[in-house]
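Nothing here was measured: the structure is a model prediction, and the numbers come from that model. Per chain, numbering begins at 1; letters A, B, ... match sequence-line order.
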Protein chains: 2
Amino acid sequence: MVTIKDLAKHTGVSVTTVSRALNGYSDVNENTRKKIMEAARLLNYSPNTLARSLVMKKSKTIGMLISGFLRESVKDNFLMDVMAGVHDFAAQTDYDIVIFNTNSSKQREKTYAQLCKERQVDGVIIQGIRTDDPYLLEIVEGDIPCVLVDIPLIGKWAGYVSTDNIAGASQVANYLADQGHRSIGMINGHDFAFVSQERFTGFQKTLNKRGITFDSSRVENGNFSEQGGAEAALRLLEKDPTITAVFCASDLMAIGAMNALTSKGIRIPEDISIVGYDDILLSRYVRPALTTVSQDTHGLGSAAAKMLINMLDHEGQPQQATVPHEFIERSSSKRLNR
Amino acid sequence: MVTIKDLAKHTGVSVTTVSRALNGYSDVNENTRKKIMEAARLLNYSPNTLARSLVMKKSKTIGMLISGFLRESVKDNFLMDVMAGVHDFAAQTDYDIVIFNTNSSKQREKTYAQLCKERQVDGVIIQGIRTDDPYLLEIVEGDIPCVLVDIPLIGKWAGYVSTDNIAGASQVANYLADQGHRSIGMINGHDFAFVSQERFTGFQKTLNKRGITFDSSRVENGNFSEQGGAEAALRLLEKDPTITAVFCASDLMAIGAMNALTSKGIRIPEDISIVGYDDILLSRYVRPALTTVSQDTHGLGSAAAKMLINMLDHEGQPQQATVPHEFIERSSSKRLNR
DNA sequence: CATCAGATCCGAAACGTTTTGGAGGAATGA
DNA sequence: TCATTCCTCCAAAACGTTTCGGATCTGATG
């Protein structure tokens, strides 16, 4: 490996001068600089980032903590979309991304904070973490700049990006009410996801405002999985067979619910309207195409990256950012005719 | 930040001893070791990987070069699936993954090899790169251990994983021939993808063996995109309206082709049979569901990671690995009745 | 007693950078 | 002439680890 010392020897100047020449300082003669550049090109030199990071105490690296990066989660484009967004923004900067394995199966029991310290990441983007994760607080209250995706926490070094889940759910509620539905159920994720809490809140408030009875007794959890959605749909129907519409807190659960209901001989949307959330790729292709709330997932990722890098490079304060969402009516829901 | 020196000061031993204690060497008394461990826990010490990597010349990091990690590529689960596979395998080891931004839009014009040297990755996994990429050879012939996905090149430090594309395409050819098709077209990716070359070869050879005329004049390139597939399908049909079956080198192109043909009033599979390749998530949900060749994409990724890490940890030779594929008949193809 | 072996510890160098605090010389101004 | 300023350069320290080559001490062996 060719180091800065080799360049120094090769050009007959000191290591200091080489470093300063390469980094564009003004106190080096143009001729020597040229000579150094030339040597660098000749010897195919590239600086050792590790050594640089060590002394500069900046690694120009941002970490991505993703708990659910498993075989399963691929179906759900959400995570991937966010990652792509982060990546696309980072690509315009000089930051690289390292993915953290926080697989529980791993023997090494390390906290997120430890991982970050060890790898010396400058900041970290966190997504898909449960609100009851013991390490969540550790990192939010820690001293590593971080941006949370869909977890509304702000700390001294922690900001977050999300969509307005309350508004989104509220729009769904208004839509269903407008369509004449009165007996409505909901399939939620789990109790430890902020989005679940918010979507429930927004949905309930608006329905109640519209004079429609709705409370947590009309909610079943589907754990954000297709299978879970299917089971929740059946439970919901068993509890109250008069239901004419179901709002699902994720598209994947909605798809599971649709399949379960269809195989029970229930027609969608004629008998029951289904509305999802996320607008994953599948929802456009599934039959009937899923009515849902679209989020700018890619934007969520790039907004997170933008906020984090702004915090790092310009000492910006941690903030909160909201990316837009949009209600999309497709064919899995319709006006109730009774 | 608490360093190894702090531990040394705190416990009254030398830095050397602390290091050796922490790393499990035998020449340190059990009592001192305990004392050191205790102090480490107390001060919440975690080692600085950067410093360690610098002296050890091993970063315990593998790089992932992905050229097409863009908004678009998300639709195509392929890339993501492979990534997940790599990640899942790496998660069981002590390697972390860093994603390399090789976005061309980037001002910093660096070659892959440079990126690898700078970040001091121990090895690298490469996918989605075109065979005419000028930097491909640089890295294959370089001295950084690497594993290529779907690019059959072997070098001193380079191995690869792929599926048997020739066999897969051959299966499709036999299937179509068995179904009575005689006038067959193909939509390929582009000329600079090995998989395209192989799939064409396998397809042509087998068709010819079965006495069916097929050559490159019956092939249109769709550039692996949905839009490209649609356009290619129309070109194909224009050239030869008697075509009864089209083999697409990727599902995404197949879906594009189906849409284009359908909107021309052509029924699938009644008028034309369509067969794809990859078995992306969508192909199951699209109507009619796509007949295709399924690849164990996740396995492709984890096989790549396994091979690379084996090369790194056990000085294994670069090899070639093939993961299984499977022909899957769905409803976009049928027996020809004439 | 001298020698040896084993257990336990440590100083200092090394890894490849950046940065601090100057040094030496030439040009300029008084 | 001397002092000042500018330009160009450099030696050495620092970053946080690991590791090489001993050093010191205790007991045991002959």
In whole angstroms, how far is the [atom2] atom of [N] from the [atom1] atom of [X]?
X      : N      : atom1 : atom2 : result
B:I4   : D:dC15 : CD1   : P     : 14 Å
A:R33  : D:dC9  : CZ    : C1'   : 13 Å
B:K57  : D:dT18 : NZ    : C1'   : 13 Å
A:Q120 : D:dG16 : CD    : P     : 8 Å
B:L54  : D:dT19 : CG    : C1'   : 14 Å
A:K58  : C:dT19 : NZ    : P     : 11 Å
A:K5   : C:dA13 : NZ    : P     : 13 Å
A:R119 : D:dT17 : CZ    : P     : 14 Å

A:D27 bridged to A:R33 by N-O distance under 4.0 Å:
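Answer for the salt bridge query: no.
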
Of A:T3 and B:R20, whose closest DNA chain C nucleotide lies nearer the 5' terminus?
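So the residue in question is B:R20.
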
Could you pick out which residue, A:V15 or B:A51, lies toward the 5' side of DNA chain C when each is mapped onto its nearest nucleotide?
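Residue closer to the 5' terminus by nearest nucleotide: B:A51.
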
Ignoring backbone atoms, test whether [X] places a side-chain nitrogen or oxygen under 4.0 Å from the OP1 or OP2 oxygen of [N].
X     : N      : result
A:Y25 : D:dC7  : no
A:S14 : D:dA11 : no
B:N48 : D:dC15 : no
A:N29 : D:dC7  : no

Side chain of A:T16, base of D:dA11: donor and acceptor closer than 3.5 Å?
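Yes.
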
Hey, is the side chain of A:D27 pairing donor to acceptor with the base of D:dC7 inside 3.5 Å?
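Side chain to base: no pair below 3.5 Å.
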
Could you give me the CA-CA distance, side-chain angles and deciding distance for B:E38 and B:H10, then say whether side chain to side chain contact (heavy atoms under 4.5 Å, CB included) is met?
CA-CA 11 Å; B:E38 176 64 19; B:H10 202 262; over 6 Å; no

Check: A:L300 and A:D150 side chains under 4.5 Å, non-hydrogen atoms
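Yes; the side chains approach each other to less than 4.5 Å.
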
Is there side-chain contact between B:L43 and B:L7, with heavy atoms separated by less than 4.5 Å?
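In contact.
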
Once you apply a heavy-atom cut-off of 4.0 Å, does [X] come out as touching a base, just sugar-phosphate, or nothing?
X     : result
A:T32 : sugar-phosphate
A:T49 : nothing
B:V13 : sugar-phosphate
B:S19 : base

Other residues, nucleotides, ligands: >12 heavy atoms within 6.0 Å of A:K306 NZ:
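At most 12 heavy atoms, drawn from other residues, nucleotides or ligands, come within 6.0 Å of this atom.
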
